[in-house]
Novice: 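Dropping the structure in here first, questions after.
Below, read A as the first sequence line, B as the second, and so on, with proteins coming before strands; counting in each chain starts at 1.
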Amino acid sequence: MHLSVEDFVKHVKDVVTISDRLMDGWALKEKEGIENGTYITKRCTKNLTKPGNTNATTLVTFEYHIAYHLSYAVPIICLKIWKQDGSLISLEEYWEFNNDLKESNIYDTLTQLDHPVLCQPFLTLHPCKTQEIIQPFLEHSKNPIISWLSVVGPFVHLNLLDEYIHNC
Amino acid sequence: MANDREILREIWEGKLPVSFRLDSDEVADFREPDPFYLMVPRLSYFPLVTDKVKKHFLKYVTNDKQDQEMWLEYNGQPLKWHYPIGVLYDLMFSTEDLLPWSLTVHFDKFPESEVYKFSNKEMIEAYFMACLKEADVLKHRGQIVSSMQKKDHNQLWMGLQNDKFDQFWSVNRKLMDCPAEFDHFKYIPFRCYVDDGYRQKLIKPVAEDGRKKTLRDLLNEMFPGRNSVRVKTHGMFPPLETPLQWLSEHLSYPDNFLHLCVI
């Protein structure tokens, strides 16, 4: 069972509807003339702490994109992280803030890939395991995108509010 | 299965002469450094072949720039070096220009929103393997790559990195194989470069009625209603009657994708 582009669009629109109610910041974007041109984005500012050193925090801005990957027929989460001086955080720098991924091989899980719509480099959770994760949700969840995000989001500092979970 | 071995070899051996010059604003020495010349394989990636270039120019820039990532520019455009070199050339090289392809080297102001930061070879390898996996998902639902051992993956990567045709193809032929019950892939892995990026689409190599689809069919599906689309790859325009399956087996880049530049 695979997620179709149409279902993806329907579910991300629902995310935006909930987000609007909560003023949570998710916005719908569309690029015309592309089959998978619909995606959603959100920006938020957070303090990142290095594991084992709770005094050293860095204020950063995250930009998340949820788009549809045609080849894998799955949703994909891409992100950019800026420091306060406007420079981007590299894959290795982000790795130092990220305890959850420590066990795995850095380049196999989080890699630089082209955004499926914008064709620009983004940090991306590699989509090759997504089908496995999302499979049960496609059968049982009202909104598989929310269910999937609630599982993989925390790996990249994205935690969904409970109100989303109530809707899936 | 990719049978036309002479063609595979010919494609593999495609090379481009490139001259590298350090941006004059970044020269911190009283002498202008000499340009650096290289013959580079079309199928490779710039970060795999420019170690010597970096070494040559580093001594001419200020100390504070020496730790910064090198990047390349042509005609005011930064080179996206996660595209294979031949693709960048087919996309960017101006017909009014002469060879060698003259590129400007920079150490300052890395264009990080457009260009990948490959700070080590593992990152390029990860990117390359990600492309290869995606291609296999399209061709064989990902079954070949995932059934391969780590040493096969290494062999593909080392074959490309060290420009060893036999080493690369002894593994790559498995990726170019068709499932026993069919004589074609599920979908053709390709990227069609237009505007500032590229498009992909799920396109089967065979039509509903069993007819073999051609490059013309692919372009019709990508650009409905536009008749005069031509695409360039490996520096040539493949005839529109070329069957897609043959094209995919023989003219794909090492990442197993066809890279078609719309002209």
Side-chain angles (χ1 to χ4, degrees), chain A residues 1-2 4-5 31-37 63 65 67-74 76 78-83 85-96 101 104-132, chain B residues 68-69 78 80-83 109-139 141-142 145-146 150 153 186-203 221-226 256-257:
Chain A
M1 196 169 167
H2 281 278
S4 66
V5 186
K31 188 165 174 185
E32 282 184 29
I34 300 183
E35 205 177 339
N36 57 334
E63 182 174 306
H65 290 233
Y68 184 82
H69 199 291
L70 274 180
S71 307
Y72 285 92
V74 295
I76 185 166
C78 316
L79 60 151
K80 281 191 179 183
I81 314 162
W82 285 274
K83 284 181 269 197
D85 65 359
S87 65
L88 279 173
I89 281 194
S90 72
L91 180 55
E92 278 99 342
E93 282 175 282
Y94 181 48
W95 199 251
E96 292 178 20
L101 295 169
S104 45
N105 179 354
I106 162 168
Y107 303 117
D108 284 350
T109 38
L110 202 65
T111 33
Q112 298 182 98
L113 286 181
D114 280 340
H115 186 294
V117 184
L118 302 175
C119 304
Q120 291 171 5
F122 271 75
L123 301 180
T124 304
L125 274 178
H126 198 275
C128 67
K129 294 277 189 298
T130 306
Q131 181 59 29
E132 256 174 68
Chain B
Q68 297 185 33
E69 218 64 49
K80 298 179 176 179
W81 48 25
H82 63 297
Y83 293 178
K109 303 194 181 81
F110 193 94
E112 56 185 5
S113 62
E114 294 160 81
V115 181
Y116 285 52
K117 268 198 167 167
F118 285 139
S119 44
N120 57 51
K121 297 236 158 61
E122 286 77 29
M123 290 173 89
I124 315 168
E125 182 181 357
Y127 175 78
F128 173 73
M129 287 312 297
C131 294
L132 209 74
K133 266 188 202 167
E134 182 183 339
D136 195 48
V137 166
L138 292 166
K139 289 193 285 190
R141 300 168 201 262
V145 165
S146 56
K150 182 78 186 131
H153 292 182
K186 187 163 183 269
Y187 298 110
I188 298 292
F190 73 97
R191 289 179 177 178
C192 241
Y193 292 82
V194 276
D195 308 328
D196 201 23
Y198 55 84
R199 307 272 172 81
Q200 292 181 216
K201 202 175 166 66
L202 299 180
I203 291 185
E221 287 185 46
M222 286 303 286
F223 310 101
R226 277 176 60 186
N256 277 240
F257 273 84

Novice: Is B/Lys80 in contact with chain A via its backbone, its side chain, both, or neither, using a 4.5 Å heavy-atom distance?
Specialist: side chain
Novice: Only pairs of heavy atoms separated by less than 4.5 Å count here; which of A/Val117, A/Asp114, A/Asn36, A/Leu113 has the most with chain B?
Specialist: A/Asp114
Novice: Can you say whether B/Tyr83 sits under 4.5 Å from chain A via the side chain, the backbone, both, or neither, judging by heavy atoms?
Specialist: side chain
Novice: Is chain B contacted by the side chain of A/Leu70, its backbone, both, or neither, given a heavy-atom distance below 4.5 Å?
Specialist: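 Both parts, backbone and side chain.
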Novice: Relative to chain A, which segment of B/Ser113 carries a heavy atom at a distance below 4.5 Å: side chain, backbone, both, or neither?
Specialist: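 For B/Ser113, the contact with chain A is made by backbone and side chain together.
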Novice: Donor-acceptor pair, distance only, cut-off 3.5 Å: does the side chain of B/Glu112 make one with the backbone of A/Leu88?
Specialist: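 Yes; at least one donor-acceptor contact below 3.5 Å.
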Novice: Which heavy atom of A/Tyr72 sits nearest to which heavy atom of B/Ala130, and what is that distance?
Specialist: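 Closest pair (atom of A/Tyr72, atom of B/Ala130, distance): OH-O, 4.3 Å.
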Novice: For a quick test of reading the model, state the closest non-hydrogen atom pair linking A/Thr111 to B/Ala126 and the distance between them.
Specialist: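 Of all heavy-atom pairs spanning A/Thr111 and B/Ala126, the closest is CG2-CB, 3.9 Å.
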Novice: Please classify the contact of A/Ser71 with chain B as side chain, backbone, both or neither, using a heavy-atom distance under 4.5 Å.
Specialist: both
Novice: To the nearest 0.5 Å, what is the distance between CD on A/Glu35 and CE on B/Met222?
Specialist: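 One gets 9.0 Å once the value is rounded to the nearest 0.5 Å.
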Novice: Relative to chain A, which segment of B/Glu114 carries a heavy atom at a distance below 4.5 Å: side chain, backbone, both, or neither?
Specialist: backbone
Novice: Can you check whether B/Lys117's main-chain N or O pairs, donor with acceptor, with A/Gln112's side chain at less than 3.5 Å?
Specialist: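 Yes, A/Gln112 side chain to B/Lys117 backbone: donor-acceptor pair under 3.5 Å.
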